[in-house]
Amino acid sequence: MPTMPYIRLAATDHEPAVELPAIGQGTWFMGENLAPRQQEVHALQHGLDQGLKLIDTAEMYGNGDAEEVVGEALADRRDQAFLVSKALPWNAGRDSAIAACEASLKRLGTDYLDLYLLHWPGGIPLDETLEAFERLQSDGKIRRFGVSNFDTDELNTLYHLKGGDACAVNQVLYHLGSRGIEHSLLPWMRERQMPVMGYCPLAQGGSLRRKLLDNPEVESIAADLNITPQQLLLAWAIRPHDFEQGNTALRDVIAIPKAAQASHVEQNAAALNVTLNDDICQRLDAAFPPPKRKEPLDIV
């Protein structure tokens, strides 16, 4: 049993259960010349060295360039990573999803994905997408499938389609300043032991990120714990919810921050060792209250 915080993906007809550290690595905006390419490659490799096994990418990111960065980072290291990519909704048909996946595999330099997601709901019927995902599984090109940016009603619809209950995860926006999923979506998923992949756990950037990081309560708590505000936000995102009694290491959220510098990767990994007590969580609740009613799904 892992001692660090982790999530568990349930066993499928094709794969045994798998346990992953509750912080992974995102790649949104990689491959877009915002940082030197080799720096991005090294950051991902350093994350693997730090135990951040899950790497999340998508065909949308940089029009495939992020996948190529990931592929370079995983050269000769593919077996060390749990690799996730996503199909655009207009590439989610019974045949187009096969082609999209194969194009992603080529850019990534691998012959399989550990997890393949529908990036957001679109106009193609979900039963077509499920059919394609099942074919990809049978052909060994993906090991699991899931969705992204699905709200409760959309997940419920998916879940009641043939094969839909094999959905492994739902990747959604989740951070201290965006807590809407806690009212309905997170409980629905928790009841079915379906983990959340929380993207932008530090907010996407700009004024909202500064609002979080510069908040006096966040700064005070981080100083008391001798950690950075960023580490506090990550530790908060993956805090335990006691949905499996007696196992405080098992979590139901995996945070996937993007880091293009090795030093930031190390800080992210160190957040796995941060424990937040009830008093700290209550202080953060007072500063950033949880939702009192169902809210529209927050998406960026």
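Predicted model, so just to flag it, every value in this text is computed and none were measured.
- Geometrically, Arg144 does not engage Tyr116 in a cation-pi contact defined by less than 6.0 Å to the ring centre and at most 45° from the axis.
- Counting only residues at least two apart or in different chains, salt bridge (charged side-chain N to carboxylate O under 4.0 Å, His left out) contacts with residues 23-37 comprise Arg37-Glu72.
- Evaluated for a side chain to side chain contact (heavy atoms under 4.5 Å, CB included) with Leu74, the options Asp79, Thr110, Leu108, Ile55 yield exactly one hit, Ile55.
- Remark: the backbone N or O of Arg94 is paired with a side-chain donor or acceptor of Glu128 at under 3.5 angstrom.
- With no hydrogens or angles considered, no side-chain donor-acceptor pair links Ser96 and Asn91 at under 3.5 Å.
- Note on Lys294 versus Asp151: salt bridge recorded, some NZ/NE/NH1/NH2 to OD/OE distance being below 4.0 Å.
- A side-chain donor from one of Asp56 and Gln171 sits under 3.5 Å from a side-chain acceptor of the other.
- Every residue two or more places apart in sequence or in another chain that forms a ring-ring contact (aromatic ring centres under 6.0 Å, His included) with Tyr174 is listed here: Trp236.
- Side-chain atoms of Glu217 do not come within 3.5 Å of backbone N or O of Leu284 as any donor-acceptor pair.
- Remark: Arg251 is not positioned above the aromatic ring of Tyr6, lacking an NZ or CZ atom under 6.0 angstrom from the ring centre and at most 45 degrees off the axis.
- Closest non-hydrogen pair, Ala222 versus Pro229, comes out as CB-N, 3.8 Å.
- Between Lys86 and Leu118 the shortest side-chain heavy-atom distance does not fall below 4.5 Å.
- Salt-bridge check for Arg283 with Asp278: failed, with every basic side-chain N at 4.0 Å or more from each acidic carboxylate O.
- Asp114 pairs with exactly one of Lys53, Arg78, Glu15 by the side chain to side chain contact (heavy atoms under 4.5 Å, CB included) rule, that one being Arg78.
- With no hydrogens or angles considered, a side-chain donor-acceptor pair links Tyr199 and Asn149 at under 3.5 Å.
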Practice task
Begin from the C-alpha positions of Trp188 and Phe150 and carry the test ring-ring contact (aromatic ring centres under 6.0 Å, His included) through to its verdict.
Solution key: CA-CA 12 Å; Trp188 188 99; Phe150 271 49; over 10 Å; no
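- Considering only heavy atoms from C-beta on, Arg77 comes within 4.5 Å of Leu48 through its side chain.
- With respect to Asp252 and Arg8, no salt bridge is recorded, no charged nitrogen being found less than 4.0 Å from a carboxylate O.
- Between Phe133 and Phe145, the ring-plane angle classifies as tilted under the 30° and 60° cut-offs.
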